[in-house]
Student: 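Take this structure first; my questions come after.
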Amino acid sequence: MATTLEGIIAYPVTPFSRTDGSPDLDGLTALIDRLVASGCHAVAPLGSTGESAYLDDPEWYAVAEAAVSAVAGRVPTVVGIADLTTRSAVRRARFAEQAGADVVMLLPLSYWTLDEEAITRHYTAVADAVGIPIMIYNNPRTAGVDLPPELIHRLVRDVDNITMVKESSGDLQRMHRLTQLSDGALPFYNGSNPLALAAFAAGASGWCTAAPCLIPELPLELYRAVRTGDLDAAREVYYRQLPVLQFLTRGGLPTTVKAGLSLLGLDVGDPRPPLLPLPEERRAELARLLADAAG
């Protein structure tokens with residue numbers, strides 16, 4: 001359970017076949033090969049970008065297994081799990097571990113409001129079911145559940161294999177608070193694309209992002225500049241990619257990333273309804289942004 005993550009953690013989309021709409025596992029393998037070859041430090045299938053919420057159980061299992069197999073141990077694999085029920089989250093976490101995942105990233109979803117006791121029991125049950133590390137994922141806008149820094153700190157302190165957190169609330173102060181509560185011992189990862197530079201400055205161990213699907217060299221260059229302490233270079237490369245990051249965030253990651261991949265010559269199908277493909281005028285805008293970012 002000693003997996004350590006750092007750097008650029010890339011989030012692939014889940015490609016869908018244009019013939020029957022099923023997950024295109026060959027397309028997923030090709031995309032993951034591109035991400036690993038580009039130099040990304042980890043791959044995280046089945047996050048929000050991967051349309052995990054829109055897959056049925058057999059599809060989810062197939063995508064998880066194919067993704068871990070495609071990474072093939074070249075970098076760590078972080079399998080995302082988001083489910084309304086603890087029972088299903090436990091089942092998926094066990095499957096991910098058996099498939100060879102290095103880390104499980106757990107996002108609590110809610111129809112009914114969850115108090116801190118319910119959230120604690122949910123995380124503890126999943127952590128107790130597997131031996132690999134758990135990454136807490138806080139994304140209140142998507143999940144309808146907000147995990148305050150104090151709760152996150154308690155979970156990491158009290159449960160042995162809950163060891164890290166992806167913070168996607170968009171509130172930089174929460175990252176500072178996590179550092180303050182843990183005396184800098186808690187690894188946290190930025191999941192808000194526009195905060196990339198500020199989060200690294202705040203001590204983030206890594207950046208969880210779908211941007212490497214489209215502009216892999218720029219997130220990696222930002223990370224290298226931060227690691228070497230070259231703030232001028234970090235600012236330059238951050239602002240160069242910021243318009244793309246803002247576009248992806250505003251337009252919804254599955255929709256915008258799939259459109260971008262199509263523009264780059266990799267057809268991964270459309271997002272699954274009720275999500276819609278990117279309109280043509282927005283595709284033209286994204287094409288311009290990608291060209292500008294490429295210099």
Student: Between Arg121 and Glu117 (salt bridge meaning N to carboxylate O under 4.0 Å), is one present in this structure?
Tutor: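 The answer is yes: the pair qualifies as a salt bridge.
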
Student: Identify the heavy atoms of Val145 and Pro108 that sit nearest to each other, and give their distance.
Tutor: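 Smallest heavy-atom distance, with atoms named: CG2-O, 3.6 Å.
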
Student: Are Asp267 and Ser262 close enough that a side-chain donor and a side-chain acceptor fall under 3.5 Å?
Tutor: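 There is no such pair (donor and acceptor under 3.5 Å, judged by atom type) between the side chains of Asp267 and Ser262.
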
Student: Using a 4.5 Å cut-off on heavy atoms from C-beta on, say whether the side chain of Leu220 contacts that of His41.
Tutor: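 Yes, their side chains come closer than 4.5 Å.
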
Student: Can a donor-acceptor pair be found, under 3.5 Å and without considering hydrogens, that links the side chain of Thr249 to the backbone of Gln246?
Tutor: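 Pair absent, no side-chain N/O of Thr249 close to backbone of Gln246.
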
Student: Quick check for you: to the nearest 0.5 Å, what is the distance between Arg154 atom CZ and Ile162 atom CD1?
Tutor: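 If we round to the nearest 0.5 Å, Arg154:CZ and Ile162:CD1 are 12.0 Å apart.
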
Student: Consider only side-chain N and O atoms of Asp83 and Ser88, and report whether a donor and an acceptor are under 3.5 Å apart.
Tutor: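 Side chains of Asp83 and Ser88: pair found under 3.5 Å.
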
Student: Under 3.5 Å, is there a donor-acceptor pair between the side chain of Thr228 and the main chain of Ala225?
Tutor: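 It does hold such a pair.
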
Student: Is a donor from one side chain sitting under 3.5 angstrom from an acceptor on the other, for Asp20 and Ser22?
Tutor: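 Yes, because at least one side-chain N or O of Asp20 sits under 3.5 Å from a partner of the opposite role on Ser22.
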
Student: Got Gln241 and Pro219 here, is their nearest side-chain heavy-atom distance under 4.5 Å?
Tutor: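 Counting from C-beta outward, Gln241 and Pro219 do come under 4.5 Å.
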
Student: With clusters defined by side-chain heavy atoms of hydrophobic residues (ILVMFWY) lying less than 4.5 Å apart, directly or transitively, does Tyr239 cluster with Leu289?
Tutor: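 Both belong to a single hydrophobic cluster.
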
Student: Please assess Leu266 against Leu31 for the test side chain to side chain contact (heavy atoms under 4.5 Å, CB included), listing each intermediate value before the final yes or no.
Tutor: CA-CA 8 Å; Leu266 187 62; Leu31 176 57; 4.1 Å; yes

Student: Indicate yes or no for a side-chain donor-acceptor contact from Glu51 to the backbone of Arg272 under 3.5 Å, with no hydrogens or angles considered.
Tutor: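 Yes; judged by distance alone, with no hydrogens or angles, the pair exists.
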
Student: Ignoring hydrogens, what is the shortest heavy-atom contact between Ala234 and Leu197? Give both atom names and the distance.
Tutor: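 In this case the closest contact between Ala234 and Leu197 is CB-CD1, 3.9 Å.
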
Student: For His122 and Thr86, does a side-chain donor sit closer than 3.5 Å to a side-chain acceptor?
Tutor: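 A donor-acceptor contact under 3.5 Å links the two side chains.
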
Student: Between Ile134 and Thr163, is any pair of side-chain heavy atoms under 4.5 Å apart?
Tutor: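 Heavy-atom side-chain distance check fails, nothing below 4.5 Å.
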
Student: Indicate yes or no: at least one non-hydrogen side-chain atom of Leu106 is less than 4.5 angstrom from one of Met135.
Tutor: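 No - every pair of side-chain heavy atoms lies 4.5 Å or more apart.
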
Student: Consider only side-chain heavy atoms of I, L, V, M, F, W and Y, link residues closer than 4.5 Å, and tell whether Leu147 and Leu181 are in one cluster.
Tutor: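 Hydrophobic grouping puts Leu147 apart from Leu181.
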
Student: Nearest 0.5 Å, please: how far is CG in Leu222 from CD in Glu217?
Tutor: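 Between Glu217 CD and Leu222 CG, I get 12.0 Å after rounding to 0.5 Å.
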
Student: Is Asp230 salt-bridged to Arg224, going by a charged N under 4.0 Å from an acidic O?
Tutor: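 No salt bridge links Asp230 with Arg224.
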
Student: CE of Met175 to CD of Gln173: how many Å apart, nearest 0.5 Å?
Tutor: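 If we round to the nearest 0.5 Å, Met175:CE and Gln173:CD are 10.5 Å apart.
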
Student: For a side chain to side chain contact (heavy atoms under 4.5 Å, CB included) check, start with the C-alpha distance between Val126 and Ile81, then their side-chain angles and the critical distance, and finish with the verdict.
Tutor: CA-CA 10 Å; Val126 175; Ile81 294 175; 5.6 Å; no

Student: Evaluate the side chain to side chain contact (heavy atoms under 4.5 Å, CB included) criterion for residues Ile9 and Val43: first the C-alpha distance (whole Å), next the side-chain angles of each, then the deciding distance (0.1 Å), finally the verdict.
Tutor: CA-CA 6 Å; Ile9 303 168; Val43 174; over 6 Å; no

Student: Any heavy-atom pair between the side chains of Leu276 and Pro271 that's under 4.5 Å?
Tutor: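 No, side chains not in contact.
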
Student: For a quick check under 3.5 Å, do Arg227 and Tyr223 share a side-chain donor-acceptor pair by atom type?
Tutor: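 Tyr223 and Arg227 do have a side-chain donor-acceptor pair below 3.5 Å.
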
Student: Looking only at heavy atoms, which two atoms of Trp60 and Ser52 are closest? And how far apart?
Tutor: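 Smallest interatomic distance, heavy atoms only, reads NE1-OG, 3.3 Å.
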
Student: Search all heavy atoms of Thr179 against all heavy atoms of Ala202 and return the closest pair with its distance.
Tutor: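 The pair with the smallest heavy-atom distance is OG1-O, 4.1 Å.
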
Student: Report the residue from Glu285, Glu281, Glu280 that forms a salt bridge (charged side-chain N to carboxylate O under 4.0 Å, His left out) with Arg283.
Tutor: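 Answer to the salt bridge (charged side-chain N to carboxylate O under 4.0 Å, His left out) test with Arg283 among Glu285, Glu281, Glu280: Glu280.
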
Student: What's the spacing between Lys258 NZ and Leu263 CG if we round to 0.5 Å?
Tutor: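 The CG atom of Leu263 is 14.5 Å from NZ of Lys258, to the nearest 0.5 Å.
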
Student: Quick one, Asn190 and Trp207 - any side-chain contact, counting heavy atoms below 4.5 Å?
Tutor: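 When only atoms from C-beta onward are counted, Trp207 and Asn190 do touch, with a gap below 4.5 Å.
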
Student: When you measure from the side chain of Asn138 to the backbone N and O of Ser169, does any donor-acceptor pair fall under 3.5 Å?
Tutor: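 Looks like no, no N/O pair under 3.5 Å.
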
Student: Looking at every non-hydrogen atom in both residues, tell me the closest pair between Ala199 and Phe188 and how far apart they are.
Tutor: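 Between these two residues, the closest heavy atoms are O-CE1, 4.3 Å.
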
Student: After noting the C-alpha distance and the side-chain angles of Cys208 and Tyr11, does the key distance pass the side chain to side chain contact (heavy atoms under 4.5 Å, CB included) rule?
Tutor: CA-CA 7 Å; Cys208 301; Tyr11 281 66; 3.3 Å; yes

Student: Are any side-chain N or O atoms of Glu97 and backbone N or O atoms of Arg94, one a donor and one an acceptor, separated by less than 3.5 Å?
Tutor: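 Judged by distance alone, no pair lies under 3.5 Å.
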
Student: Could you check whether any side-chain heavy atom of Leu248 comes within less than 4.5 Å of a side-chain heavy atom of Leu214, counting everything from C-beta outward?
Tutor: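 SC-SC contact between Leu248 and Leu214 confirmed.
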
Student: Would you find a donor on one side and an acceptor on the other, under 3.5 Å apart, between the side chain of Thr14 and the backbone of Gly50?
Tutor: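 Yes; judged by distance alone, with no hydrogens or angles, the pair exists.
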
Student: With rounding to the nearest 0.5 Å, note down the distance linking CD in Glu59 to CG in Leu25.
Tutor: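 It comes to 9.5 Å.
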
Student: Could you tell me whether Lys166 sits above the aromatic face of Tyr189, with NZ or CZ closer than 6.0 angstrom to the six-membered ring centre and within 45 degrees of the axis?
Tutor: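 Output no; distance or angle outside limits.
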
Student: Transitively linked via ILVMFWY side-chain contacts under 4.5 Å: Val36 with Val79?
Tutor: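 As far as the 4.5 Å side-chain criterion goes, Val79 and Val36 are connected within one cluster.
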
Student: Do Asp33 and Arg74 touch side chain to side chain, with heavy atoms closer than 4.5 Å?
Tutor: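 Touching, per the 4.5 Å side-chain cut-off.
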
Student: Check Asp270 against Pro277 and note the closest heavy-atom contact, atom names and distance.
Tutor: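 Asp270 and Pro277 have their closest heavy atoms at CG-CG, 3.7 Å.
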
Student: Which residue, Val75, Asp102, Val78, forms the side chain to side chain contact (heavy atoms under 4.5 Å, CB included) with Leu5?
Tutor: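 Testing each of Val75, Asp102, Val78 against Leu5, the sole residue satisfying side chain to side chain contact (heavy atoms under 4.5 Å, CB included) is Val78.
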
Student: Parallel, tilted or perpendicular, judged at 30° and 60°: which one describes the rings of Phe95 and Tyr61?
Tutor: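 Correct class here is tilted.
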
Student: Any link between Leu186 and Leu172 through a network of hydrophobic side chains (Ile, Leu, Val, Met, Phe, Trp, Tyr) touching at under 4.5 Å?
Tutor: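 The answer is yes; both residues are in one hydrophobic cluster.
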
Student: Ser182 side chain to Leu178 main-chain N or O, any donor-acceptor pair under 3.5 Å?
Tutor: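 Answer holds: yes.
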
Student: Taking only Lys NZ, Arg NE, NH1 and NH2, and the carboxylate oxygens of Asp or Glu, determine whether Arg240 and Asp292 approach each other closer than 4.0 Å.
Tutor: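 Here Arg240 does not pair with Asp292 in a salt bridge, since their nearest N and O are not under 4.0 Å apart.
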
Student: Determine whether Leu55 and Leu275 fall in the same hydrophobic cluster, where Ile, Leu, Val, Met, Phe, Trp and Tyr are linked whenever their side-chain heavy atoms lie under 4.5 Å apart.
Tutor: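 Unlinked, Leu55 and Leu275 end up in two clusters.
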
Student: When rounded to the nearest 0.5 angstrom, what is the spacing between CG in Leu84 and CZ in Arg87?
Tutor: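 The CG atom of Leu84 sits 12.5 Å away from the CZ atom of Arg87.
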
